Amino acid sequence: METNYGISSPWEKVYWFARMLINSDQYGGIGGDSRRMNALASAIKTAIDQSNDDEHIVMEFLNQKLKNILLEGRKPGTSIYHSLEKLYMDLQDDLITLTDFKILCLTCEKVLVPINSCLGNIPSNDSEFVETYANTFLKKEGAKGLANIINILDDKGLRGSLECERKQLVASFSELRKNIENEMSGADLDSVLTAFCQEFERRVGQKRKGRAGRGVEGATSLIFRHFGIKASQAPEHFTTGLEIDRWVRTKEGWYIGISCKRTLRERWKQAYTTDLNLLNRHKIQALWHVLTYDKDLSDEKLTEIGSHRAVLYLPDDSPKLKKAGNHPGMKEYVRPMSSFIDDLKSLVS
DNA sequence: TCAAACTTCGGTGAACCGCG
DNA sequence: CGCGGTTCACCGAAGTTTGA
């Protein structure tokens with residue numbers, strides 16, 4: 001472990017242990033498995049409390065135990081197995097003394113397990129909370145309510161979820177602090193507490209992305225249900241680089257693919273295909289993209305997407321939409337959310 | 001020179017598969 | 001059915017490139 005500016009504490013390892021155990025690319029992300037984390041923690045505790053052997057014998061025992069718990073029930077040869085073996089190997093560099101095992105123990109029991117359960121208590125989608133609200137709103141406002149509904153759901157869902165995240169964090173932070181502040185202080189205490197918060201935020205932040213995406217998807221599907229638009233099966237053997245959430249069959253028997261996202265980001269090139277033959281072969285009239293975030297759309301992107309049978313639906317108050325409205329070509333394929341249903345209905349019936 | 005445009009990253013959750 | 005395993009979409013923030 002690097003020593004940093006004279007403020008380093010052995011408890012800095014809490015952060016790095018947590019990081020390694022959660023890292024799914026390299027190490028299999030086993031830290032999310034609370035059962036194993038608890039098993040590991042109690043194995044370390046009992047070994048340290050009950051053994052009278054000298055340190056290196058206990059260490060050897062614990063290393064074996066660690067390996068067993070990490071690999072137990074896993075099939076050799078799978079990619080996860082290799083990742084976990086690598087995790088075990090790389091952990092060795094930081095497990096030099098029994099104190100290091102105590103630190104690992106605390107990481108599992110007091111950092112990872114609580115964060116896991118916090119994550120479990122935080123919703124992974126906003127739909128339940130938002131559904132009844134949205135339905136009454138749409139009933140009252142009708143199709144013109146569409147202008148705001150997705151953004152409102154987005155905001156409401158975000159707000160509600162952030163509040164929930166804060167509650168979870170404050171409560172578990174408090175518990176952790178009370179738990180350890182009698183035994184440690186100063187830089188040690190700081191290292192543990194900040195490691196907890198930093199990992200909490202990293203993970204909850206990732207969860208937030210998925211939730212935002214599902215929120216848009218859910219809001220759109222709610223709109224479909226509310227206005228009684230039937231989704232159809234996807235045309236056979238047609239796949240895009242981009243996920244199409246639902247297909248709608250027009251009265252002419254062609255298809256419109258609808259994809260819902262918060263933003264396109266680097267995926268914008270997959271939002272259209274230049275292969276018009278492919279579209280014709282599968283009777284695909286257009287691909288519609290419902291987006292709530294417009295800031296990463298440049299004019300170049302808009303025209304490129306729009307010139308290949310793709311249509312973008314943006315929030316009514318979107319500046320990019322406003323700009324496109326003044327442009328004769330662009331307004332054909334950059335459309336306001338509020339006309340989404342009418343556009344769709346005129347094609348379906 | 002520096003802001004705008006664009007791309008990359010990565011933990012989570014869901015879908016799916018094969019197995020017992 | 002449940003469980004391990006794999007794959008993929010999610011997007012906010014950080015990082016890189018472009019172009020005026």
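The model shown is predicted, which means the values in this text are computed figures rather than measured ones. In what follows, every heavy atom counts, from backbone to side chain, and hydrogens, waters and symmetry copies are set aside. Every chain is numbered from 1 and lettered A, B, ... according to where its sequence line falls, protein lines coming before strand lines.
With sequence neighbours excluded, no residue satisfies side-chain contact (heavy atoms from CB on, under 4.5 Å) with A:Asp190. With sequence neighbours left out, the side chain to side chain donor-acceptor pair (under 3.5 Å) criterion links A:Glu163 to A:Arg159. Listed by chain and number, the residues in a side chain to side chain donor-acceptor pair (under 3.5 Å) with A:Ser174 are A:Lys178 (sequence neighbours excluded). Residues satisfying the side chain to side chain donor-acceptor pair (under 3.5 Å) test with A:Ser338, not counting sequence neighbours, are A:Asp316. For A:Tyr272, the ring pair (Phe, Tyr, Trp, His ring centres under 6.0 Å) partners are A:His308, not counting sequence neighbours. Shown here are the side-chain contact (heavy atoms from CB on, under 4.5 Å) partners of A:Ser339, two or more places apart in sequence or in another chain: A:Tyr313, A:Arg335, A:Pro336, A:Asp343.
Evaluation of the side chain to side chain donor-acceptor pair (under 3.5 Å) test over residues 105-123 of chain A, restricted to residues two or more places apart or in two chains, returns A:Ser34-A:Asn116, A:Lys45-A:Glu109, A:Asn116-A:Arg203, A:Asn121-A:Gln168. The side chain to side chain donor-acceptor pair (under 3.5 Å) contacts involving residues 21-31 of chain A comprise A:Tyr27-A:Asp90, where partners must be two or more places apart or lie in separate chains.
Contacts between residues 19-32 of chain A and DNA chain B, counted as heavy-atom distances below 4.0 Å, involve A:Arg19, A:Ile22, A:Ser24, A:Asp25. DNA chain C lies under 4.0 Å from no heavy atom of any residue of residues 302-315 of chain A.
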CA sep, side-chain torsions, deciding dist, call: A:Lys209, A:Gln206, side chain to side chain donor-acceptor pair (under 3.5 Å):
CA-CA 5 Å; A:Lys209 300 173 189 177; A:Gln206 295 295 53; 2.5 Å; yes

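A distance-only check finds no donor-acceptor pair linking the side chain of A:Arg208 to the backbone of A:Ser161 [under 3.5 Å].
The heavy-atom pair separating A:Leu344 from A:Ile256 by the smallest distance is CD1-CD1, 4.5 Å.
Of all nucleotides in DNA chain B having an atom under 4.0 Å from a heavy atom of chain A, the first and last in 5' to 3' order are B:dC6 to B:dA14.
Ion pairing of A:Glu183 with A:Lys102 is absent here, as no side-chain N (NZ or NE/NH1/NH2) approaches a carboxylate O to less than 4.0 Å.
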Counting primed atoms plus P, OP1 and OP2 as sugar-phosphate and everything else as base, spell out the protein contacts along nucleotides 6-20 of chain C at 4.0 Å heavy-atom distance: B, S or - for each nucleotide, 5' to 3'.
S--SSBBB-------

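Within the nucleic acid shown, A:Lys269 comes within 4.0 Å of sugar-phosphate atoms alone, with no base atom in reach, counting heavy atoms only.
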